[in-house]
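A note on names: the letters A, B, ... follow the listed sequences, proteins ahead of strands, and every chain is numbered from 1.
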Amino acid sequence: MKLAKIYDPNQYEPNVYAMWEKSNAFASKGKGEPYCIVMPPPNANGNLHIGHALGGSVQDILVRYWRMRGKDAVYIPGADHAGFETWVVYERTLTEKGIDRFSFSREQLYSQVWDFVEQQRGNMELQLRALGSGCSWNDLVFTLDNKVIDTVYDTFKKMWDDGLIYRGERIVNYSTKYQTSYADIEVNHKLEKGKLWDIAYPLYDKIGEIVVSTTRPETMFGDTAIAVHPDDKRYKDLVGTRVMLPLTDRVIPIIADELIDPEFGTGAVKVTPAHDPNDFEIGQRHNLDRIQVIDFNGTMINVPDKLVGMTVEDAREMTLTLLRNDELLRGEKEIEHTVGYDYKSGLPIQPLIKEQWFIKVKPLAERAKQAVIDGQIKFIPESKKNNLIRYYEQLRDWNISRQIPWGIPIPAFQNIDDPNDWIFDRRVDEKVLNIDGKTYKREEDTFDTWFSSGQWPFITTDYLTDGPLSKHYPIDVMETGADILSAWVSRMIMIGLYRTGQVPFKTVYLHGLVLDEKGQKMSKSKGNVINPMDAISKYGSDALRMGLIASRSAGQNQAFSLDRVIAGRNFCNKLWNIARFIEDKVGDGFRDKIPEPVTMADHWIIKQLDEAIDSIASQIETYRFAEAGETIYHSIWDDVADWYIEASKHSTNKSMLNWVLNTSLKIAHPFAPFVTETIWQTLAWHDSLLVNASWPEKIAYDEIAAAEFSRLKTLVTEIRFVLTELPGNERYDLLYFKDALIEDNAKIIQTMAKLKGVQSTDNARGLRLTVTGREAWLDIPPKTLAEHQSNLEMRLAEVHKDIQMLETRLGNRHYVEKAPKRLVEESQNELKNKQALAERLVKELEILT
RNA sequence: GGGCGCUUAGCUCAGUUGGCUAGAGCAUCUCGUUUACACCGAGAGGGUCGGGGGUUCGAGUCCCUCAGCGCCCACCA
């Protein structure tokens with residue numbers, strides 16, 4: 001078959017993928033030792049970004065490799081309804097049309113978003129195919145599939161029955177922009193400069209005033225107490241008395257609470273239970289009223305008339321002005337403090353009181369933490385293990401309700417006559433239920449997406465329902481971004497243990513962020529986003545995979561390198577041309593057969609590839625993908641192309657070329673699936689699919705012959721080195737020798753070193769080659785020879801230095817006694833070699849002078 | 001405030017349990033169209049592994065310390 005000179009990935013990749021899919025190559029075979037990776041589901045509504053390309057490559061490499069190793073390997077794809085993310089996008093389209101979301105029911109909105117997602121859906125699935133991800137498409141799970149919802153409801157019910165679910169009025173992180181509460185994890189804390197104001201509150205029972213410090217003066221209208229530390233002598237006499245709340249006619253008490261830090265500000269604090277988590281706590285202890293002064297839409301309520309309806313920012317200014325007018329503002333200073341921001345809109349998060357569903361996290365976190373400490377899950381990189389343990393230790397109860405329609409409805413109903421009477425019921429399509437003469441109203445909130453996605457491993461494998469893939473649980477590797485260790489990985493472990501009694505995965509492999517080429521975080525607003533599909537259309541999928549994997553280690557954020565992708569593309573082309581050459585040599589009539597090594601080069605390449613087979617296997621198995629990629633690259637480019645193919649130009653061994661190509665394609669396949677399969681399909685000697693091939697077997701070779709080829713390589717390299725130094729008009733390109741090894745391999749040396757002749761002689765002339773210690777001379781004019789003297793002297797000096805170093809080392813009694821024997825022997829051999837080399841150099845210099 | 005990581009060639013980065021002369025890709029320089037490949041071949045130069053100290057026969061690797069950068073987590077007003 002005639003192949004084009006240059007490999008054009010676009011011409012082959014889609015067809016190759018279609019062929020795999022048609023042959024059902026990615027489905028579970030149903031027998032054999034299970035190996036399973038579940039894909040972190042990409043947003044069904046979105047496009048893949050470069051992080052998906054990296055994660056997808058790692059996942060696919062693992063699955064393809066283990067499939068080749070004979071396991072029943074399955075890669076389960078998924079699609080995420082991405083509750084909040086998608087909702088934000090959809091709500092924006094509503095806003096653009098000037099439509100208020102509150103003019104629709106939950107059902108209406110849900111079905112609108114469903115249609116919206118349906119239009120986009122499939123994009124990312126096509127993109128995964130372009131990436132080469134060998135997913136079992138029939139097993140794809142969408143996060144709103146019935147089986148997901150059923151399982152999520154079961155989990156919720158079980159938690160409810162176990163007393164892990166409670167509903168309560170708490171301070172929640174509230175996004176006034178999106179009008180929903182958040183989990184703690186969705187709040188971005190930023191350290192920033194702010195102002196701390198001192199405000200005087202006139203005493204009511206005595207003459208005088210108490211000065212409080214606050215960063216949020218606008219919330220003062222919600223104050224229901226002033227608090228000081230019980231041991232604070234300054235305020236001891238005031239505890240129990242009352243103050244006038246400025247700008248109002250309310251009177252509030254001064255209380256003492258341990259939570260107050262006397263060192264901070266004036267040591268006296270205004271207590272606003274409705275708008276601050278600490279104050280809420282204090283409020284509970286002291287039975288204080290909660291007065292909400294910021295509404296859920298972010299504007300002021302229950303405040304003096306002039307302030308009603310203002311934004312928080314405006315209200316702050318106005319309050320300060322009013323206080324200043326009344327001469328109650330006593331100080332203002334700059335401080336650094338952390339402010340919570342909405343991770344989506346970038347606006348400040350308002351702590352507001354809202355009734356929400358919570359999970360009592362402690363028992364779940366304890367168990368998960370213990371499993372992690374016990375080493376039930378392997379972490380790559382290992383340092384993330386401690387991050388997670390620390391996270392579990394400080395985790396607080398988890399708010400799982402969201403006030404958005406795009407998500408899984410919370411299956412709970414409230415008795416309209418008794419607000420505390422909540423029942424679990426799956427009939428979420430019903431707005432009202434009548435049970436035993438009581439009327440129950442539906443909860444309108446939906447679940448936090450992490451609550452459902454936290455159950456992903458056992459849902460996708462149908463573990464609880466004992467489906468065909470259930471033996472794949474716990475899954476082997478959870479490969480995901482290091483940035484969602486807390487949000488997702490931690491949840492999967494907690495809920496996995498809770499529902500199945502087992503950790504959901506044996507290994508967690510976390511990749512870092514792919515930064516732009518300058519090391520900056522990619523973001524749409526910066527315009528520095530690299531679209532993986534662009535890279536694929538320019539350089540090919542394999543090139544992108546290899547480029548992303550190269551020089552990248554687990555957990556580290558690293559820059560994207562186009563150079564690496566180009567190097568990957570070049571590698572694919574190299575492989576292509578190796579195939580062209582071999583196919584041309586071997587001919588169309590050839591059939592796969594057992595290799596029969598004949599020449600030293602044959603034995604040597606077997607040794608090299610045998611070693612590569614083992615190295616790559618162990619590198620993949622220990623998740624050192626960059627190193628595996630390098631081994632593949634150099635084994636194929638350096639050993640196969642530069643040495644073996646060159647050597648084979650002198651004597652062709654078809655069975656060996658056949659084996660070398662088969663083996664090269666197999667070891668490269670997990671990393672570069674497309675080009676390897678494409679080539680495989682052009683081969684005349686079989687009609688199978690590479691994707692189904694097994695990992696290459698090592699074959700036997702002659703150690704001595706292989707070693708002799710190494711010596712020839714050294715000789716050839718030395719000849720090349722000397723010749724490139726010489727000007728063209730002083731080169732005869734003739735090698736004289738008196739040496740059995742060279743005699744046997746004269747032709748191959750001539751070919752590889754591009755010599756005009758290699759002759760046996762007793763009358764050698766020219767430059768004696770010294771590195772290998774062979775009896776060999778390169779014929780060059782006496783004049784040039786003299787110039788080489790300094791060259792030889794320099795080399796001799798270097799060798800002397802090496803000898804000295806080795807002698808010192810071997811002269812060290814401690815070294816000889818304590819270092820491993822192997823090393824000592826190696827040093828001794830090295831010393832012998834160097835000494836012999838020095839002798840030859842000295843002799844050569846004598847001849848020259 | 002707590003935790004974690006990074007600093008290695010001009011650039012971007014590898015470097016498992018300490019093991020000898022520290023690697024890669026790109027870039028640079030020289031030469032070269034030879035039976036696949038210029039997305040190529042042959043060869044070369046370039047590093048006191050952030051500074052300092054320690055442990056060890058031996059440190060890029062382990063410990064201490066200093067400096068610079070970054071990330072994650074966290075209800076302090």
Side-chain angles (χ1 to χ4, degrees), chain A residues 3 5-7 171 173 184-185 187 189 196 212-216 227 259-261 264-265 268-272 276-281 335 337-338 340 351 381 383-384 386-387 390-391 394 396 482-483 485-486 512-513 517 519 539 543 547 550-553 555-564 566-585 618-619 622 624 626-627 629-630 633-634 641-642 645-646 648-650 652 717 720-721 723-725 727-728 751 753-754 798 802 805-806 809 812-820 822-823 826-827 830:
Chain A
L3 300 173
K5 269 192 175 188
I6 302 276
Y7 169 65
I171 288 273
N173 310 299
D184 293 338
I185 199 108
V187 180
H189 295 273
L196 184 70
V212 304
S213 299
T214 182
T215 55
R216 303 201 56 189
L259 203 69
I260 306 305
D261 174 8
F264 188 87
V269 169
K270 59 195 265 319
V271 181
T272 323
D276 182 279
N278 287 320
D279 293 2
F280 181 85
E281 223 177 275
I335 56 156
H337 65 147
T338 52
S383 59
K384 298 292 176 192
N386 289 328
N387 283 6
R390 213 100 331 115
Y391 180 73
Q394 54 78 43
R396 299 184 307 151
D483 49 335
L485 176 71
S486 315
L513 293 178
E517 288 209 82
Y539 304 102
S551 272
R552 194 173 287 278
S553 51
Q556 290 294 325
N557 295 350
Q558 269 155 246
F560 177 80
S561 163
L562 192 60
D563 283 340
R564 300 268 179 191
I566 290 171
R569 186 226 19 207
N570 295 352
F571 172 78
C572 293
N573 194 55
K574 184 51 111 170
L575 201 49
W576 179 255
N577 276 288
I578 290 170
R580 284 180 68 210
F581 177 85
I582 291 181
E583 289 185 62
D584 187 51
K585 286 281 178 207
S618 95
Q619 282 156 345
T622 49
R624 303 203 301 264
E627 286 170 69
E630 240 177 70
Y633 185 95
H634 290 292
D642 291 346
I645 298 267
E646 289 308 314
S648 80
K649 286 177 180 173
H650 157 257
T652 300
T717 304
R720 286 167 172 173
F721 172 71
L723 288 182
T724 49
E725 301 271 286
T751 311
K754 314 279 187 231
E798 273 170 31
D802 291 347
M805 191 192 70
L806 286 163
R809 185 185 300 157
N812 183 340
R813 194 165 41 84
H814 299 289
Y815 173 74
V816 179
E817 281 168 10
K818 290 184 187 171
R822 178 180 56 85
L823 289 174
E826 266 175 42
S827 297
E830 191 65 20

Discussion item. Applying the side chain to side chain contact (heavy atoms under 4.5 Å, CB included) criterion to A:Asn278, which one of A:Val271, A:Ile260, A:Ile171, A:Leu259 satisfies it?
Written reply: A:Leu259
Discussion item. With rounding to the closest Å, how many angstrom separate the C1' atoms on B:rA14 and B:rU8?
Written reply: 10 Å
Discussion item. Only pairs with both distances under 3.5 Å count, Watson-Crick or wobble alike; so what is the partner of B:rC39 in this structure?
Written reply: none
Worksheet entry | Same-atom distance (C1') from B:rG46 to B:rC11, integer angstrom | 13 Å
Response to the item:
Correct closest heavy-atom pair for A:Ala550 and A:Arg564 would be CB-CD, 3.8 Å
Discussion item. From NZ of A:Lys818 over to P of B:rG58, roughly how many Å is that when rounded to an integer?
Written reply: 9 Å
Response to the item:
Using Watson-Crick geometry (N1-N3 plus N6-O4 or O6-N4) or G-U wobble (N1-O2, O6-N3), each under 3.5 Å, B:rA27 is paired with none
Worksheet item: Just how far, in rounded Å, is C1' of B:rG18 from NE2 of A:His814?
Response: 19 Å
Worksheet item: What are the two closest non-hydrogen atoms of A:Phe560 and A:Glu517, and how far apart are they?
Response: O-CG, 3.1 Å
Discussion item. Taking only the C1' atom of each, what is the distance from B:rC62 to B:rG18 in whole angstrom?
Written reply: 7 Å
Practice prompt. In whole angstrom, give me the gap between the P atoms of B:rC29 and B:rG10.
Written response: 16 Å
Worksheet entry | A:Asn577 and A:Arg580: side chain donor to acceptor below 3.5 Å | yes
Fill in: Touch class at under 4.0 angstrom, heavy-atom based, for A:Arg390 against every strand present
sugar-phosphate
Worksheet, complete the sentence: In whole angstroms, the gap separating P of B:rC71 from CG of A:Leu485 amounts to 17 Å
Item to complete: For A:Ser553, answer base if it contacts any base atom (sugar-phosphate contacts may also be present), sugar-phosphate if it contacts only those atoms, and nothing otherwise; contact means non-hydrogen atoms under 4.0 Å.
Response: sugar-phosphate
Discussion item. Classify A:Glu826 by what it touches in the nucleic acid, base, sugar-phosphate, or nothing, heavy-atom distance under 4.0 Å.
Written reply: base
Discussion item. Would you compute the distance between atom OG1 of A:Thr214 and atom NZ of A:Lys270 and round it to the nearest 0.5 angstrom?
Written reply: 4.5 Å
Discussion item. Heavy atoms only, 4.0 Å cut-off, all strands: where does A:Ile260 land among base, sugar-phosphate and nothing?
Written reply: base
Practice prompt. Rounded to the nearest angstrom, tell me the gap between atom CG in A:Asp483 and atom P in B:rC71.
Written response: 13 Å
Worksheet, complete the sentence: Shortest non-hydrogen pair, A:Leu562 vs A:Tyr539, comes out as CD1-CE1, 3.7 Å
Worksheet item: Considering only the P atoms, how many Å lie between B:rC63 and B:rU16, rounded to the nearest integer?
Response: 14 Å
Worksheet item: Looking at residues at least two apart in the chain, or sitting in another chain, which of them share a side chain to side chain contact (heavy atoms under 4.5 Å, CB included) with A:Glu630?
Response: A:His634
Fill in: Student check: side-chain heavy atoms of A:Asn570 and A:Ile566 closer than 4.5 Å
yes
Worksheet, complete the sentence: pair_partner(B:rU7), Watson-Crick or wobble, both distances < 3.5 Å, evaluates to B:rA67
Fill in: Sugar-phosphate only, base, or nothing, as touched by A:Pro381 at under 4.0 Å among non-hydrogen atoms
nothing
Discussion item. Quick check with a 6.0 Å cut-off and a 45 degree axis cone: is A:Lys574 positioned over the face of A:Tyr633's six-membered ring?
Written reply: no
Worksheet, complete the sentence: Walking RNA chain B from its 5' end, the first of A:Gln558 and A:Met805 to be reached, judged by nearest nucleotide, is A:Gln558
Worksheet item: Checking all strands, does A:Thr272 fall into the base, sugar-phosphate, or nothing category for heavy-atom contacts under 4.0 angstrom?
Response: nothing
Practice prompt. In whole angstrom, give the distance that lies between atom CZ of A:Arg809 and atom P of B:rC57.
Written response: 15 Å
Worksheet entry | Shortest side-chain distance from A:Ser486, nucleotide among B:rC73, B:rA14, B:rG19 | B:rC73
Practice prompt. Report which part of the nucleic acid A:Arg396 touches: base, sugar-phosphate, or nothing (heavy-atom distance under 4.0 Å, all strands).
Written response: base
Item to complete: Whole angstrom is fine here: how far is it from CG in A:Asp276 over to P in B:rA74?
Response: 17 Å
Worksheet item: With a 3.5 Å cut-off and no angle check, do the side chains of A:Thr622 and A:Arg624 form a donor-acceptor pair?
Response: yes
Worksheet item: According to the Watson-Crick and G-U wobble definitions, with both distances under 3.5 Å, which nucleotide is paired to B:rC62?
Response: B:rG54
Worksheet, complete the sentence: Nucleotide by nucleotide, nucleotides 23-36 of chain B touches protein heavy atoms under 4.0 Å in the pattern (B base, S sugar-phosphate only, - none) -BSS-------BBB
Fill in: B:rC37 to B:rA42 separation - C1' atoms, rounded to the nearest Å
15 Å
Worksheet entry | Integer angstrom distance from the C1' of B:rU35 to that of B:rU48 | 48 Å
Worksheet entry | Spacing of A:Asn278 atom CG relative to B:rA74 atom P, expressed in whole Å | 15 Å
Item to complete: Give a yes/no answer on whether the side chain of A:Gln556 brings an N or O atom under 4.0 Å of OP1 or OP2 in B:rC71.
Response: no
Worksheet item: A:Asn812 near the nucleic acid: base, sugar-phosphate alone, or nothing, with a heavy-atom cut-off under 4.0 Å?
Response: sugar-phosphate
Discussion item. Could you identify the nucleotide paired to B:rG18, looking across every strand shown and requiring Watson-Crick or G-U wobble geometry with both distances under 3.5 Å?
Written reply: none
Item to complete: Determine the Euclidean distance between corresponding C1' atoms of B:rA67 and B:rG51; express it in Å to zero decimal places.
Response: 7 Å
Worksheet item: What is the base-pairing partner of B:rU48, counting Watson-Crick and G-U wobble geometry with both distances under 3.5 Å?
Response: none
Worksheet item: NZ of A:Lys384 versus C1' of B:rC73: gap in Å, rounded?
Response: 11 Å
